[in-house]
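Report on the following structure.
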Amino acid sequence: MTRTSGFFFCAALFATAFAAGCGAGSGDSAPPEQAAEPAEDTVAVVFETAMGDVEVALYPDRAPVSVAQFLRYVDGAHYDGATLYRATRTAVGHSFDIVQGGLRRLPMLTGDQGAADEEPPFPPIPHESTHDTGMRNERGVLSYARGEPGTANSEFFFNLGDSSVLNTDQGGPDRDGFGYATFGRVVRGIEVLDAIQQLPTDAPTDNEIVQGQILNDPVPIHTIRRATP
């Protein structure tokens, strides 16, 4: 090979390598991997009931006031021996599907006037709307029961369907528009709650609002505890 032909041969190789290098940095190459968004912080708790366990993720960043109150009851073992005592079903004409529980200290809802004589261990908490929490009252979501806004305390309920009438700024003229504070979501055991919802609800009550909604045999809550990792 002559010196001239060798020069053109090397130049061709350089041009090929340069073109390949430019192509590697062009828009045709695969984009760099996007960093994964950090997982949302939750606190896991387990409801140990006579009909099975239900695990729930609580959302302290979304509902700091509601979660802090609930954990005060959990950590102090105040729910040990409480019950799930109320169930509603849209299939039989109710406005929403829920299972409600707690220390039964809402006499205005349950008609259990004896409960009114017992002071709850903690004061009620300010209301957190569903706009605040960004969680709707829908299947699997845990929410606080209440009377007037700002009276939520020991009573809670599980949504077992789309309970949109319980969201802030929704519902009919018979609702105050504040909605019910959402602060957790079932991650395991929702079939336990489905079974409880189907139990007979013919227990007598003096309150017309909850006629046909009080379980004949309330389901005992053995304990509610933080889940072990």
Side-chain angles (χ1 to χ4, degrees), residues 40 42-47 49 51-67 69-70 83-102 106 108-110 125 127-152 154-202 207-215 218-219 221 224:
E40 188 169 3
T42 59
V43 178
V45 294
V46 177
F47 292 65
T49 82
M51 290 184 62
D53 292 354
V54 180
E55 184 174 342
V56 175
L58 306 180
Y59 293 82
D61 290 341
R62 297 189 184 207
V65 175
S66 299
V67 170
Q69 177 82 335
F70 193 76
T83 60
L84 298 168
Y85 55 80
R86 181 188 181 200
T88 66
R89 298 182 289 275
T90 55
V92 295
H94 296 143
S95 301
F96 39 79
D97 292 279
I98 69 165
V99 165
Q100 181 172 317
L106 277 179
M108 73 290 293
L109 291 180
T110 66
I125 56 175
H127 180 65
E128 290 179 308
S129 73
T130 55
H131 294 330
D132 296 330
T133 66
M135 297 173 63
R136 297 171 58 81
N137 282 283
E138 59 190 10
R139 179 169 171 80
V141 168
L142 175 65
S143 306
Y144 260 125
R146 62 171 176 82
E148 296 297 319
T151 62
S154 60
E155 310 308 290
F156 55 83
F157 63 90
F158 292 95
N159 290 280
L160 295 178
D162 179 10
S163 306
S164 58
V165 296
L166 304 182
N167 294 328
T168 304
D169 297 334
Q170 295 191 26
D174 58 332
R175 305 203 173 277
D176 56 30
F178 286 88
Y180 293 79
T182 52
F183 62 98
R185 189 181 297 273
V186 176
V187 296
R188 177 175 62 85
I190 199 167
E191 69 278 359
V192 173
L193 298 170
D194 287 335
I196 293 172
Q197 188 196 21
Q198 300 305 314
L199 295 174
T201 53
D202 300 318
N207 194 315
E208 288 294 325
I209 295 175
V210 294
Q211 287 285 351
Q213 300 178 14
I214 305 301
L215 292 176
V219 176
I221 298 172
I224 305 175

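Numbers here are sequence positions counted from 1.
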So [Y] and [X], do their side chains get closer than 4.5 Å, heavy atoms only?
X	Y	answer
Val54	Leu193	yes
Arg139	Ile190	yes
Gln69	Ile125	yes
Arg86	Leu215	no
Leu84	Pro218	no
Glu138	Arg185	yes
Val56	Phe158	yes
Val219	Thr83	no

For [X], what residues pass the side chain to side chain contact (heavy atoms under 4.5 Å, CB included) criterion, not counting sequence neighbours?
X	answer
Ser129	His127, His131, Asp132, Thr168
Arg89	Val92, Asp97, Gln197, Gln198, Thr201
Glu148	Thr151

So, for [X] and [Y], which heavy atoms are closest and what is the spacing to 0.1 Å?
X	Y	value
Ser143	Asn137	OG-OD1, 2.6 Å
Val165	Ser95	CG2-O, 3.9 Å
Gly184	Met135	O-CE, 3.4 Å
Ala195	Met51	CB-CE, 3.8 Å

Residues 58-66 side chain polar contacts: donor-acceptor under 3.5 Å, at least two apart:
residue: Arg62; atom: NE; partner: Glu40; partner atom: OE2; Å: 2.7
residue: Arg62; atom: NH2; partner: Glu40; partner atom: OE1; Å: 3.2
residue: Ser66; atom: OG; partner: Glu128; partner atom: OE1; Å: 2.7

For [X], what residues pass the salt bridge (charged side-chain N to carboxylate O under 4.0 Å, His left out) criterion, not counting sequence neighbours?
X	result
Glu55	Arg188
Glu191	none
Asp202	none

### Query
Among all residues two or more places apart in sequence or in another chain, which pass the side chain to side chain donor-acceptor pair (under 3.5 Å) test with Ser154?
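With sequence neighbours excluded, Ser154 shows a side chain to side chain donor-acceptor pair (under 3.5 Å) to no residue whatsoever.
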### Message
Taking side chain to side chain donor-acceptor pair (under 3.5 Å) as the definition, give me every residue that meets it alongside Gln211, ordered by chain and number, with sequence neighbours left out.
### Response
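With neighbours one apart ignored, the set is empty.
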### For Tyr144, all residues meeting ring pair (Phe, Tyr, Trp, His ring centres under 6.0 Å), sequence neighbours excluded
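Tyr144 satisfies ring pair (Phe, Tyr, Trp, His ring centres under 6.0 Å) with Phe183 once adjacent residues are dropped.
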Separation of [Y] [atom2] from [X] [atom1] (nearest 0.5 Å):
X	Y	atom1	atom2	value
Gln170	Thr130	CD	OG1	7.0 Å
Ile98	Thr88	CD1	OG1	4.5 Å
Asp162	Phe96	CG	CZ	12.5 Å
Ser164	Arg136	OG	CZ	6.0 Å
Thr182	Leu142	OG1	CG	9.0 Å

### Task
Report yes or no: do Glu155 and Tyr85 form a side-chain donor-acceptor pair below 3.5 Å?
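Short answer, yes.
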### Task
Give me the one residue out of Asn167, Asn159, Leu166 that meets side chain to side chain contact (heavy atoms under 4.5 Å, CB included) with Tyr180.
Leu166
### Query
When you look at Val192 and Thr49, which way does the side chain to side chain contact (heavy atoms under 4.5 Å, CB included) test go after all the steps?
CA-CA 9 Å; Val192 173; Thr49 82; 4.1 Å; yes
### Task
Tell me whether the centres of the aromatic rings in Phe156 and Phe47 are closer together than 6.0 Å.
yes
### Message
Using side chain to side chain contact (heavy atoms under 4.5 Å, CB included), reason through Phe70 and Ile224 one step at a time and then give a plain yes or no.
### Response
CA-CA 10 Å; Phe70 193 76; Ile224 305 175; 4.2 Å; yes
